[in-house]
Structure formats: C-alpha cells, structure tokens
Amino acid sequence: MASQSTIKVYFGDNIKLLRKIASNSIDMIYIDPPFNTGVKQIRNRFRTENGVRISENTYGYQDSFDNFIGFLEPRMKEAYRILKDNGSFFFHLDYREIHYCKVMLDQIFGRASFINEIIWAYDYGARSKNKWSAKHDNILWYAKNPKSYIFNYAEMDRIPYMAPGLVGPEKAALGKTPTDVWWHTIVSPNSKEKTGYATQKPLGIINRILKIHSCPGDTVMDFFAGSGTLGEAAAILGRNCILIDQNPEAIAVMKKRFLNYTVEWINCDDIKMSEEVIASDKHERHLDEPEGFTQPLAISVSTLKTENITEILHQKKRRGRPPKKKIIQEQIGELTSTNCLQNLNESLAGKVKKIIPEKHAEYKTFNIEQGSLI
C-alpha cells in the first residue's frame, strides 16, 4: 500500500506555500502547530561509546510568539480555502492556547462546523506538587461542511470494555468504540518510533484520525510537519501526503524517517539527513495495547528507568535528601494489578523489591519504556 502513496515535503514558510495551493484540493488537514509554551522545545540526542551514553546536540525550535493568534489566523484561513467541501480539519494544541484558538477557528469555519474536541490523555513524566498535573492535549475537529463529511465508522478500532462481565460475551469480544477521550502513550525516549524531534506525536493517534476521516488515495496535509508522523501514517495507509516545515532540523529528521518511502523533496537539497540513532538497550520495547492505546485504569505508574533507580540506590546519605525508599516509590508510582519488574537486572531488582510492598512480588513484567504495567 505504501508504494501507491506519494509524499511531498516542502521546506519553507508555510503561508507562502499555502497560497500557491489550489482551492478545494485537500481531503484532510491535520496540524500540530507550536504550542506557544514560551520555552525552547528540545530533544536531546545521544550516542554510545564503549557502553557510555554521551549527550550530543539537540533537535528543537523556539516555541514563543508575541502574537500567537496573529501568527496562526492567516494560515487557518488558507487551510479553510484549500480544504475540500467534505474535508475535515484537525487542530492539535494544549491547554495554554486552545480556548483562544477555538474562538478564532469558529470565526473562520463557522461554529456549526465544530464537531468534536478530542482529548488525548497520557500518563508520562513528572508530577506537579502545586496543581493538577497536565497530562493531555486537545485536538479540535472541524468539518468544512457539517452536513457532509467523511467518517468511516467501520474503520474505527475497538477497545476493551472496562467491565466485560456486564455486557455479555459477544459484546465483550467485539469491544467498544472509542469516545472523544483517547488514552495513548506518548513517544517515549526509548520508543521504536523515536526520531529525536522534540514534539513528535505517536503514529497511533494519527493513524486513527487518518483511517476514520480520509480514504485510500486521498490527499492529506500537515503544514507544521515536524517529525513527519502524518507522512509515515499516510504512506502506511495508502494516502497521498503534503508536508511543509521551515525548520531545517525537521527536514533532516524526515529524510532519515522516510528512507523506505518514495518522497519528492522540494527546496530541501541543502539539508542533510539526520544522523539520529535510536538508542538500543537490553529492554524489550512494545506498546501497552495495539498501536499504543490504553485504558485509563491501566495507566497508573510513573516512568521508571533502570539508570534512575541505580543512581538513587548508590546515592550517599545527605542531610535534607529524602529517603531512598520515598524517592523510588515516587518513581514507581502506584502499582496496579497483574504485573511487575522483570526487566530490571537481578541485583537491582532484588534491591527494589525490598522497597516495593510484598503483595506485588508476583508481578511479572514492567514496561520501562512506557512507564506502565502491562
């Protein structure tokens, strides 16, 4: 199916390129613009020499705008113009700016064209001690014509019932359709998907959007392409794709990512392919559920990395430093039912098991990559 797809990657300012695209020509648009966090988004790169991981340079961009809406608005107007009448537009942001952006998009598309706000929820990384930890992104879905749009219900993946005994064996075997809250792991630092780009989004999220809101042979677009996740998903699912980004590091990452696909590179000749190497280690890498989707109750453990626990166990006692037991318990989080810590080496696992409550000793597998028990 990938051979039937075409990927075009443009390097340049998206507003200038969007103005050259014909009206009513794109079947679906998904964008993941800068979030206006006010900080530089970076992802560290590492290489291994003689068993030692060495930090190199990073991939990222400055995520700060004096007039964020003023930056986005002309681009959103162009998106509306080039979108087909039955096309859908997906706008991916977070809690900081999503409310202002929805008002802007309502004015461009019309309030009736707003169909859903999808919440992508995940459970990864640090926890705040002075507010509720922000662990979700927002994806706004607009249909250009709210009375006629593509929605391939039959292509929707199914997820397990939380209480299968209440619905009967047939329904339980089939599973239920997702709601507008999607539980899915992020692209973790040790993931097979990792490209090294700071704000890379997981294939599972983009695959679901593409399968349901476009058809094979359609042309889809992301004009804040970043690491190119939409392009890879389109190639896998038989869609044609147009990607635009003005960050040379994004183009470099995509050149590496798309080695196995036929790509037309426009204005990209002077940008070398990324030399990012996905760090390999002894830990098995896999997603919690097919394509990384999980159920809420399955995501209850903070990320645990062997090197972090090793460092904690070897720390000397120091006045003012929390006890090792407390630190490790915070790293591990609240253990759920059915599994545990086999991926840790034996000596380290033995030390950690003395800290973990005895009732969890029967657990078999701890997914270090995703930070959850599976």
Note to self: Can a donor-acceptor pair be found, under 3.5 Å and without considering hydrogens, that links the side chain of K255 to the backbone of I271?
What the structure shows: yes

Side-chain donor/acceptor pairs under 3.5 Å, residues 17-24, sequence neighbours excluded:
residue: S23; atom: OG; partner: R81; partner atom: NH1; Å: 3.0
residue: N24; atom: OD1; partner: K144; partner atom: NZ; Å: 3.1

Item checked: Chi angles and distances behind the salt bridge (charged side-chain N to carboxylate O under 4.0 Å, His left out) call for R75, D13 -> CA-CA 10 Å; R75 292 160 172 81; D13 185 353; 3.2 Å; yes

Next item on the list: Report yes if the side chains of K256 and T195 come closer than 4.5 Å at any heavy-atom pair, otherwise no.
Entry: no

Check: Got a sec, which residues hit side chain to side chain contact (heavy atoms under 4.5 Å, CB included) with E155, two or more places apart in sequence or on another chain?
Finding: N152, K211

Check: Is there a donor-acceptor pair under 3.5 Å between the side chain of S113 and the backbone N or O of Y142?
Finding: no

Checklist line | pair I139-I119: side-chain heavy atoms closer than 4.5 Å | finding: no

Note to self: What I want to check is whether the side chains of N138 and E117 have a donor and an acceptor closer together than 3.5 Å.
What the structure shows: yes

Check: Can you tell if the side chain of F91 reaches within under 4.5 Å of the side chain of K102, non-hydrogen atoms only?
Finding: no

Checklist line | S128: side chain to side chain donor-acceptor pair (under 3.5 Å) partners, not counting sequence neighbours | finding: N130

Next item on the list: Treating Ile, Leu, Val, Met, Phe, Trp and Tyr as nodes and any side-chain heavy-atom pair under 4.5 angstrom as an edge, say whether I205 and I150 lie in one connected cluster.
Entry: no

Next item on the list: Could you list the residues that satisfy side chain to side chain contact (heavy atoms under 4.5 Å, CB included) with F151, not counting sequence neighbours?
Entry: W141, Y149, Y153, M156, I212, H213

Item checked: Worked verdict on N247 versus Y197 for side chain to side chain donor-acceptor pair (under 3.5 Å) -> CA-CA 11 Å; N247 185 354; Y197 200 74; 3.2 Å; yes

Note to self: Restricting to side chain to side chain contact (heavy atoms under 4.5 Å, CB included), what partner residues turn up for A79, sequence neighbours left out?
What the structure shows: I29, F89, F223

Check: Is any side-chain heavy atom of R208 less than 4.5 Å from a side-chain heavy atom of P178?
Finding: yes

Checklist line | Pairing of K135 and D123 as salt bridge, 4.0 angstrom limit | finding: no

Note to self: Hydrophobic cluster membership, with links at side-chain heavy-atom distances under 4.5 Å among I/L/V/M/F/W/Y: are I98 and Y100 in one?
What the structure shows: yes

Notebook entry, point to check: Are K147 and D85 within salt-bridge range, i.e. N to O under 4.0 Å?
Noted result: no

Next item on the list: Using modelled atom types only, decide if a donor and an acceptor are shared between the side chain of R158 and the backbone of G175 within a distance under 3.5 Å.
Entry: yes

Next item on the list: Determine whether the side chains of N240 and T6 contain a donor N or O and an acceptor N or O closer than 3.5 Å.
Entry: yes

Item checked: Beyond-backbone contact of Y80 with L105, side-chain heavy atoms, under 4.5 angstrom -> no

Margin query: Just to verify, what does D218 make a salt bridge (Lys or Arg N to Asp or Glu O under 4.0 Å) with, not counting sequence neighbours?
Written below: none

Next item on the list: Decide whether M162 and L174 are clustered together by the hydrophobic rule: side chain heavy atoms of Ile, Leu, Val, Met, Phe, Trp, Tyr closer than 4.5 Å, transitively.
Entry: no

Item checked: Minimum side-chain heavy-atom gap H92-F224 below 4.5 Å -> no

Check: Is any side-chain heavy atom of C101 closer than 4.5 Å to a side-chain heavy atom of L72?
Finding: yes

Checklist line | Sidechain-backbone polar pair: D245 side chain, G226 backbone, donor-acceptor under 3.5 Å | finding: yes

Next item on the list: Output yes when a side-chain donor or acceptor of K272 lies under 3.5 Å from a complementary backbone atom of D270, and no otherwise.
Entry: no

Note to self: Do P202 and I186 have side chains that approach each other closer than 4.5 Å (heavy atoms only, starting at C-beta)?
What the structure shows: no

Item checked: Cluster check W265, L243: I/L/V/M/F/W/Y, side chain < 4.5 angstrom -> yes

Checklist line | Side chain R239, main chain S5, donor-acceptor under 3.5 Å | finding: no

Next item on the list: Measure the spacing between NE2 of H184 and CH2 of W120 and express it to the nearest 0.5 Å.
Entry: 7.5 Å

Note to self: Would you compute the distance between atom OG1 of T179 and atom CG of N116 and round it to the nearest 0.5 angstrom?
What the structure shows: 9.5 Å

